[in-house]
Amino acid sequence: MSQDEAARYLTELGEAFPDTRPPTSDLLTSGRAARRRRNRRRMLVATAASVLALSAGAVVQQAVAGNDGGGPDRVAPADGTEPDHVAAADVPPAPDGKRLVGMGRVVVAVPTSWVNWQPSCGEPDGGYVYFEPVAAIGCIPQTPDNKVVPSLGIADSTTPESRELVRNMNPGESIQGLATVQDDPACPDTLGGACTQRFAVPDAGVLFTVRFLNTSGVLTTTFADIRDSVSLLPDGVTTVPHRDDHLGGSTGVAVLVGEMRSAGLEVAVVAEPQVDTPDGVLLSIDPSPGSVIRIGATVTLTVTGGSAGPTLIDPTASAPPRPAPITMETVRRVASAQEFRPYTGPTPAPFSEREALHRERAADAYSLGLWDVGMVNEDTTVEWTPVWIVASEYLVDDLNQLSLGGRAGVTPSPPPARPGWGRSFDMYDARTGTFVLGVGF
Amino acid sequence: MTASATDGVAVTQDDEFAEFASARWLRLVRAGVALGCSLHEAEDLAQATLLKCFVSWSKVTRATHRDAYVSRILLNAHRDSRRARWRREVPVSSAPETPQPDETERFAAADALRRAVQQLSQGQREVIALRFYVHLPDEQIAEALGIAPGTVKSRMSRALDQLATSNHLTELRDGGTT
């Protein structure tokens, strides 16, 4: 075969693809949600007040873990040998052969062989644990070639989509005083012998999706095994936040750092050069997302970047003072295009204050209470919506890192990192939990 | 700011994007397979790419070479091993928009292409994907990959040479879909 023939054959192969259409309506739905989040971050950038100098470049002495190349996150040892992360006395022990994984303060035990899996071009060998992105709640990851393996999905139960799922569930047993709900197992033919069943701890804001195999032979873990293992972590202990995959690139890293700090964790960001990969791509999180960690301990994020070997970026070196808390006065000033009046919605609000705070995804988010927000139309009529107004402040490494598409001359090279405090408030519909308006400043 | 003005802008952009998504969908899926993904993976990659395009639509429309820019997004998404692939199990709003053609046919085409590029390096697959499936000229491939145009040419030549000289492609072509 000649080069020309090879080229022709490649073209033919492409033409053999039958015509299909993109899932446009799904794209628009997810895209609007992602755009809304990004715009909030962007507004943050535009007016971020405090900036501090980043002390970068300190060489990391210890070996830095290599790129995991799309494979699963490294799994923390399950035998309690992680003194750096967890004081043994603080943490309920995992049963033999199991590890604890969860979100916030709610954990369950899964087999130690179940790795954290980020769906990508590659596949898990056995069972796995995954985190559902906010924009894709109610989804399960699709394994290559629809391979069916047992899995546990962990999701925020307070998004409108999750709430819809939770609303239709039946009451289950109470765990340490927290109510649980669960649905019935679904074993559709399309799952090839697997079933999916969900349970949630609504007051703690966590929704679990268990997939198990109902065929004989390899049934090592059942829905009941996982559900019955659910527990609430004691004070002073939490779980490592995960990253929402819909916030890609360095944006995702900056947001993740903010969430980790909000959860009371220290963060070390290690930059590691990668051939032919844009800077700012998250390579690994150690300890792995969802694993148990003592508040105040350090989580290490390894990202691509730099060219002179691994470097440690210390975003906490000289943190600026935290800005003053946001008040309704601040809200009225910043959101001057909107009007506010005392709450006239249903009492009690169907969407609770606790849920609204959870949506803010910051452990130290605070509520400004129930209000009616008025959107003023062009003809000066006002549309009122009853909302919870919640606020938070968070420190991020770089408020500039928002570009998509990367380098290579098609986008300007990024300006120097600008770490600082972001302040934001968000309004959630007190009836439905729908996001109404958010401002970062 | 008023609700009605915002909506007006959104509708126009959405239409523009929907048209763009339809026009580029198949190219992106093919390119994903040429990069080594399975058909499902490639469709998710195309979806992730278009999602990013939508989010930064103004940048896409401002780019000098729009397809080069979109290719860059595609490659970044492919290299970002954290890319998510999700299948909605719980019907939320609507059923799929269009009935899909015969599954076997789709898989056969993707499988043949994936096997064809199996022996190539990732760098070689990238130039093949952008040349044959996104239809970019060499200069734009260079721009998207962040390499010199000369490197594109040599990489392409080596890739085609490798495909031409091994029996792999001939066997594939003559052996049908087995």
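In what follows, chains are A, B, ... by sequence order, proteins preceding strands, each numbered from 1. Values reported hereafter were calculated over all heavy atoms of this structure, with side chains retained and with hydrogens, waters and symmetry mates removed.
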Heavy-atom pairs under 4.5 Å with chain A, option from Thr49(B), Leu35(B), Asp161(B), Leu163(B) with the top count: Asp161(B)

Name the member of Val117(B), Val29(B), Leu113(B) that forms the most heavy-atom pairs with chain A at distances under 4.5 Å. Leu113(B)

Any side-chain to backbone donor/acceptor pair from [X] onto [Y]? Under 3.5 Å, distance only.
X: Tyr133(B); Y: Leu10(A); value: yes
X: Arg125(B); Y: Ala34(B); value: no
X: Asp138(B); Y: Pro149(B); value: no

Contacting moiety of [X], where chain A heavy atoms sit under 4.5 Å:
X: Ser157(B); value: both
X: Ala18(B); value: both
X: Ile128(B); value: side chain
X: Leu26(B); value: side chain
X: Val60(B); value: neither
X: Thr64(B); value: neither

With side chains defined as the heavy atoms from C-beta onward, is the minimum distance between Met1(A) and Thr165(B) less than 4.5 Å? no

Look at the rings of Phe131(A) and His242(A) and say which category their plane angle falls in: under 30° parallel, 30 to 60° tilted, over 60° perpendicular. parallel

Contact origin within Glu5(A) toward chain B - heavy atom pairs under 4.5 Å: side chain

Looking only at non-hydrogen atoms, find the nearest pair between Leu120(B) and Ala159(B) and report the distance. CD2-O, 3.8 Å

Salt bridge check: are Arg115(B) and Asp111(B) linked by an N-O gap of less than 4.0 Å? yes

